[in-house]
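Comments concern the structure below.
This is a predicted model, so every value here is computed, not measured. Read the numbers this way: they start at 1 and go in the same order the structure lists the ligands and their atoms.
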Amino acid sequence: MLHTLMESKDFLAFTLAQSNTDVMTTSFSFELGQHTRVEVWDCGVIVFEPHGDTSKDIVLSCAVHGNETAPIELCNDLIKRLLLQTIQAEQRLMFLIGNPEAIKLNRRFIDENLNRLFNGGHSIGETQNPERVRAKALEQYVERFYLNQTYQNQVMSGSMPRQRIHYDLHTAIRASKHEEFAIYPYCPEKKYSSEQIMFLAGAGIDTILFHNEPTTTFSYFSSHHFQADAFTVELGKVYPMGQNDMSRFSALDERLVGLITANDLPILPLDMKRVNLYQVARSIDKRFEDFCFSFANDVENFTAFQRGEVLATEGGEAVIVEHPMEVIVFPNAKVPVGQRTLLCLTPASADNIE
Ligand SMILES: O=C(O)CCC(=O)N[C@@H](CCC(=O)O)C(=O)O
Ligand SMILES: [Zn+2]
């Protein structure tokens, strides 16, 4: 197996060639030069551990939705450069290819939306399916990575606490007025990080949505359980594999290389002229099978609606804009009853950012 991966340096192809059933047989490790230990823990799970001191534990995940291809290409290219040793990790780093079986089928998911199954969502009820198994396993890999005792001890002896980071990379179903944006998971117990917001802005992700409640997403899991600086990051609109214009994400690629190689590019102080901030005002959950939006399928994310306008109808009732203005994101009527069908946003201030 090692031979196949080291010959191609293509972790995605290697992952997709594995079966989702031979979990244990896919784990192995090897050295890159004298500087980095590489461990493959499972199908789509690869960890880079530099031999020198490190201060950050970074998780980069993609393909939590199998058809969201730009993040998969971005991560695979970073892994390739690490394996070719054209870049060298100076921070601990784990890549997760979320749902390899869904990638193979070019589908968002097989049985159930993986990004609705974290924080224990995978164990609610009697249902078992590939996504529930994978969500539980991904949670365990994140825990094992963040709580590695060897590196925890570096915290004890070092002066600065280690920083945990998790960027869960996605693409949106629709086009967006702000092409690249990030969701900041609900974290009422702490202030938002201006450093993270400006890191993302420097990476071309200039729009932040502050979530208003706990969710069953992967980024909320890492934020809530491990106090990671965790975000769901949306990289434009979904396109088939190979049809993404990856030059649109060159700023992100450059920032990630800086982060991984500990050659961090300078981060500007918070500048409200460089960022668009939104607060999630409410999440509209689907209540009836006949849920139907009042706007067209090509209406973009971040389109604004005025108080009183009808956003959708269901069960003979209208879903109406409540605030003076609400900005919509992620409209999707094809979700099961009980799940989020739309987020409504209002402009946010910088009050909770430090
Ligand atoms: O475009 C869409 O409708 C969905 C894109 C997507 O997968 N978004 C994530 C957001 C997760 C979060 O709220 O942090 C999702 O729906 O899982
Ligand atoms: Zn997604």
Side-chain angles (χ1 to χ4, degrees), residues 59-75 96-99 102-103 106-110 112-119 121-122 131 134-135 138 166-187 192 196 200 205 207-224 228-241 244 278-286 291 293 295 297-303 311-312 327-336 338-345:
V59 177
L60 295 177
S61 52
C62 63
V64 162
H65 294 130
N67 63 340
E68 297 180 1
T69 57
I72 306 172
E73 292 186 43
L74 184 106
C75 287
L96 298 171
I97 300 181
N99 196 341
I103 302 178
N106 189 27
R107 278 172 42 185
R108 187 167 168 80
F109 53 84
I110 299 168
E112 203 172 349
N113 185 344
L114 181 58
N115 216 18
R116 301 294 175 273
L117 292 173
F118 293 96
N119 308 303
H122 50 74
E131 275 87 13
R134 188 67 173 169
L138 290 173
H166 180 180
Y167 300 128
D168 181 33
L169 307 175
H170 290 246
T171 59
I173 296 168
R174 296 189 181 221
S176 303
K177 291 188 186 298
H178 306 296
E179 194 190 5
E180 293 172 50
F181 58 100
I183 295 106
Y184 211 132
Y186 181 61
C187 54
Y192 299 118
Q196 282 297 310
L200 291 168
I205 299 146
T207 300
I208 305 287
L209 282 54
F210 300 118
H211 219 303
N212 67 340
E213 60 185 355
T215 56
T216 46
T217 62
F218 204 9
S219 61
Y220 179 80
F221 171 77
S222 297
S223 166
H224 182 67
D229 288 311
F231 296 84
T232 309
V233 177
E234 301 285 347
L235 301 179
K237 184 177 172 339
V238 68
Y239 288 105
M241 191 77 85
N244 296 293
Y278 291 97
Q279 176 67 49
V280 176
R282 58 193 179 127
S283 179
I284 310 288
D285 291 343
K286 180 166 167 175
F291 186 100
F293 286 113
F295 48 84
N297 281 338
D298 59 358
V299 168
E300 293 173 317
N301 285 322
F302 299 102
T303 298
L311 293 172
V327 169
I328 54 129
V329 73
F330 299 144
N332 185 357
K334 293 189 202 142
V335 297
Q339 285 199 8
R340 183 198 81 197
T341 180
L342 178 71
L343 286 181
C344 295
L345 316 174

Do the two ring centres, one from [X] and one from [Y], sit under 6.0 Å apart?
{"X": "F291", "Y": "F293", "value": "yes"}
{"X": "F231", "Y": "Y192", "value": "no"}
{"X": "F218", "Y": "H166", "value": "yes"}

Within the 4.0 Å heavy-atom cut-off, what N301 brings close to ligand 1 is neither

Note: K334, heavy atoms under 4.0 Å from ligand 1, region reported as neither

Exam field: side chain K286 to backbone A333, donor-acceptor pair closer than 3.5 Å | yes

Looking only at atom types and distance, does a side-chain atom of E131 sit under 3.5 Å from a main-chain N or O of E112, one as donor and one as acceptor?
-> yes

Where do H211 and Y220 land on the side-chain contact (heavy atoms from CB on, under 4.5 Å) test, with the steps shown first?
-> CA-CA 10 Å; H211 219 303; Y220 179 80; over 6 Å; no

Under 4.0 Å from any heavy atom of [X], which atoms of ligand 1 are there?
{"X": "T217", "value": "11 (C), 12 (C), 14 (O)"}
{"X": "H170", "value": "7 (O)"}
{"X": "E68", "value": "7 (O)"}

Look at E234 and state whether any of its N, O or S atoms is less than 2.8 Å from the Zn ion (ligand 2).
-> no

Taking the N/O/S atoms of H170 one by one, which is nearest to the Zn ion (ligand 2)?
-> ND1

For the Zn ion (ligand 2), find the closest N/O/S atom belonging to H65 and write down its atom name.
-> ND1

Just checking, is any N or O donor in the side chain of D168 or H170 under 3.5 Å from an acceptor N or O on the other one?
-> yes

Ligand 1 N/O within reach of [X] N/O, cut-off under 3.5 Å:
{"X": "R116", "answer": "yes"}
{"X": "I173", "answer": "yes"}
{"X": "N115", "answer": "yes"}
{"X": "T232", "answer": "yes"}
{"X": "E234", "answer": "yes"}
{"X": "H65", "answer": "yes"}

What protein heavy atom is closest to atom 13 (O) of ligand 1, reported as residue, atom name and distance in Å?
-> R340 NH1, 3.4 Å

heavy-atom search around atom 2 (C) of ligand 1 in the protein gives F330 CD2, 3.3 Å

Exercise: identify the closest heavy-atom pair between T217 and F118 = O-CB, 3.6 Å

So, for A230 and P185, which heavy atoms are closest and what is the spacing to 0.1 Å?
-> O-CD, 2.9 Å

Is it true that E179 and K237 make a salt bridge, defined as a side-chain N closer than 4.0 Å to a carboxylate O?
-> no

Could you go step by step and tell me if H178 and Y278 meet the ring-ring contact (aromatic ring centres under 6.0 Å, His included) rule?
-> CA-CA 12 Å; H178 306 296; Y278 291 97; 5.7 Å; yes

Ligand 1 contacted by T171 (non-hydrogen, < 4.0 Å) = yes

Under a heavy-atom criterion of less than 4.0 Å, does T215 contact ligand 1?
-> no

